[in-house]
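First the proteins, then the strands, lettered A, B, ... as listed; each starts at 1. All heavy atoms count here, side chains included; hydrogens, waters and symmetry mates do not.
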Amino acid sequence: MSILAVTRREWTGRRNVLLVAIGFSIISLLSLYFEADPKLALEKASFMGVFSGTALAWVIALLFGATMVSRDLEERRFGFFLNQPLHAGQIFLGKVLAGLGLALLAGLLTTLPSVLLSGLWRQLALKDVGSIVGVGLAGSLVLLLFFHAVSIQVRSRSLWLLLDLVTWTAFFAGVRWLSLRLMGAWAFQDLVHLWLGLLAGGTLGLGIAGYLQVAQGRADLQRGHRWVSVTLALTAGLLLLAGWVDTAWVLKHRPPVAWTSQPGNRSR
Amino acid sequence: MTSQAASLPVACHQVGVRYGRTQALDQASFQVEPGQVYALLGRNGSGKTSLVRCLLGHQKPTAGRVDLFGQDVWSARQALMHRVGVVAEEPDAPPIMSTRQLVRFCGSLYPTWDQAGVDQRLGRFRIPMDLPFGRLSRGQKGQVSLALALGPKPSLLVLDDPTLGLDAVARREVYDELLGELGERGTTVLITTHDLAGIEGLADRIGILHQGRLLVDASLEDLKARHRKVSWAPTQAVDPADLVPFAPLWSRAGSLGGEAILTQGDPSQVPGLQVHPLSLEELFVALVGEAEVAS
């Protein structure tokens with residue numbers, strides 16, 4: 001109940017976002033009237049609807065994540081939550097749910113009219129709908145948590161930012177190195193698995209960092225930043241280690257790439 | 001832990017807060033008894049805000065600990081906040097929410113929420129219920145904050161400069177509401193304020209913070225009994241040296257006569273001296289001024 005109270009409080013005053021979503025849905029439908037070829041118009045409208053709905057959901061998640069705690073802290077309003085009998089997890093989860101709910105609702109409002117009017121819904125199986133919504137929601141969650149962490153790092157203006165820079169640089173350099181090794185062995189399926197694993201692990205790390213920022217940092221932005229930095233550095237280290245072990249295992253157990261020439265190109 | 005310690009609404013043990021090289025709070029220790037009104041006074045930058053943040057579990061002290069009702073507030077904040085009402089220095093409710101929405105939000109979090117009491121208070125304050133909090137006047141924001149803080153019928157009320165920026169009428173209304181609460185329920189109150197005249201009739205005990213240290217922690221009655229204000233006319237041949245046995249805390253003499261605040265003895269025996277009642281403000285200025293000279 002308390003989580004939902006926080007969620008409802010976060011939605012208050014953000015309903016304008018839904019008006020923006022309706023505006024986007026109208027723009028998506030415009031091709032129905034301006035495209036001469038009716039079949040092409042329907043395809044364009046459905047593509048525009050799905051594309052702009054997903055994009056809007058992600059932009060909302062990004063903006064929500066960047067402000068959901070750090071702005072309260074900067075404007076000294078976070079004490080309002082801390083003065084209530086709310087657990088840090090309830091505050092954080094309530095805010096995350098509010099961001100995801102808003103992103104989902106805006107995405108659906110933008111997408112649904114064009115999908116319904118274009119008749120695309122007749123061609124979509126439940127699995128397809130689930131995939132589209134799932135990708136939209138998963139992307140929203142990653143962006144929300146990522147930009148929450150970044151906004152804390154940027155707004156606290158503490159020296160822990162140096163650790164953050166080292167962490168991000170090392171992480172992306174490590175991911176690139178692992179990816180190149182797998183690509184060199186033509187292990188593209190394993191590469192996708194590696195990326196998905198890193199994304200899932202990274203999202204989990206971002207979630208834990210966000211929770212700890214609220215639970216241990218509370219009204220102290222710099223202390224919260226410290227917890228975010230340390231958690232993310234540990235997460236990045238663990239993920240790279242797991243990625244390295246996984247890559248090494250794949251390379252060891254994968255048969256070497258056989259570079260065979262095509263029969264037609266055989267040199268004489 | 002003794003049952004007495006467990007029943008203490010507030011117990012600060014050697015609390016210290018450090019920001020980099022700055023020691024904002026240094027070994028502050030004090031207790032607030034049940035039903036007591038404890039006024040924490042201090043100049044700007046004296047460490048009051050840091051202490052209040054530690055006291056509400058918003059910030060972890062770098063040294064010492066703060067217990068509310070016998071529990072460490074840092075680790076048991078959520079449970080303790082069921083029993084604590086807070087009015088922040090800067091009204092911190094979300095500006096976009098109307099008073100009605102704020103009441104609904106807070107009401108849903110407390111099992112002891114007194115909806116009728118909150119409605120009555122807001123009615124007395126004549127608060128427009130559907131106006132966003134951010135569009136209320138400074139005084140109205142303070143009144144809404146107070147009504148919300150009193151809503152769950154708290155055992156402890158923490159007021160961080162609740163009259164800051166209020167006009168005389170709004171200030172009076174806040175104090176009347178507090179007096180009513182104290183009379184009805186005997187709630188323990190910890191208040192920080194710059195409004196020394198306003199708090200004088202309300203406070204049982206005074207703590208004065210100066211440069212991060214708790215300079216004074218005594219009952220107002222004791223403080224007033226220990227300190228006496230005297231004055232003398234220019235025609236009276238009073239030599240400030242005559243006052244030395246009375247351990248003057250502060251004295252001033254000139255062509256218009258003189259005045260002093262004495263800390264021991266009975267100065268009424270000295271011919272030419274007039275003894276006056278001492279206000280909290282005079283006492284505060286003298287104590288803090290003396291501490292500044294000493295430091």
inquiry  = I need the contact set between residues 97-116 of chain B and chain A: heavy-atom distance under 4.5 Å, sorted by residue number.
reply    = B/M97, B/Q101, B/L102, B/F105, B/C106, B/S108, B/L109, B/Y110
Largest heavy-atom contact set with chain B, pairs under 4.5 Å, which of A/T12, A/V6, A/L4 = A/T12
request  = Would you mind checking if B/R213 and B/D26 are paired as a salt bridge, meaning a charged N to carboxylate O distance below 4.0 Å?
outcome  = yes
message = With no hydrogens and no angle check, just 3.5 Å: does a side-chain donor-acceptor pair link B/Q59 and A/D220?
response = no
inquiry  = Check this for me: B/Y19, atom OH, are more than 12 non-hydrogen atoms of other residues, nucleotides or ligands nearer than 6.0 Å?
reply    = yes
inquiry  = For B/P91, which atoms come within 4.5 Å of any heavy atom of chain A: side chain, backbone, both, or neither?
reply    = backbone
key: Toward chain B, the part of A/F81 with a non-hydrogen atom under 4.5 Å   = both
inquiry  = Quick check on A/R223 against chain B: is it the side chain, the backbone, both or neither that has a heavy atom closer than 4.5 Å?
reply    = side chain
inquiry  = For chain A, which candidate among B/E90, B/M81, B/Q78 shows the most heavy-atom pairs at distances under 4.5 Å?
reply    = B/Q78
inquiry  = Just checking A/W168 against A/F146, ring centres under 6.0 Å apart?
reply    = yes
ask   = When heavy-atom pairs shorter than 4.5 Å are enumerated against chain A, which of B/G57, B/P152, B/P132, B/A88 gives the highest number?
value = B/G57
remark   = Contact list (residues 35-48 of chain B to chain A, heavy-atom gap under 4.5 Å, by number) returns none
key: Whether A/W11 side chain and A/A98 backbone form a donor-acceptor pair below 3.5 Å   = yes
query = Under the 3.5 angstrom rule, does the side chain of B/R77 hit a backbone N or O of A/L86 as a donor-acceptor pair?
reply = yes
query = Are the side chain of A/W58 and the backbone of A/G136 linked by a donor-acceptor contact shorter than 3.5 Å?
reply = yes
inquiry  = Would you say CG of A/L126 has more than 12 non-hydrogen atoms from neighbouring residues, nucleotides or ligands within 6.0 angstrom?
reply    = no
key: Largest heavy-atom contact set with chain B, pairs under 4.5 Å, which of A/R8, A/Q216, A/R14   = A/Q216
request  = Measure A/Q90 against the heavy atoms of chain B and call it side chain, backbone, both or neither at under 4.5 Å.
outcome  = side chain
remark   = The interface call for B/V87 against chain A, heavy-atom contacts under 4.5 Å, is neither
Within 6.0 angstrom of B/R138 CZ, more than 12 heavy atoms from elsewhere = yes
request  = Measure from the side-chain N and O atoms of A/N83 to the backbone N and O of B/V86, and report whether any donor-acceptor pair falls under 3.5 Å.
outcome  = no
key: Ion pair B/R171/B/D195, N-O distance below 4.0 Å   = yes
ask   = Can we call the ring centroids of B/F30 and B/H13 under 6.0 Å apart?
value = no
task = Could you tell me whether a side-chain N or O of A/S158 sits under 3.5 Å from a main-chain N or O of A/Q222, the two making a donor and an acceptor?
result = no
request  = Say whether A/T110 and A/S25, considering side chains only, have a donor N or O and an acceptor N or O under 3.5 Å apart.
outcome  = no
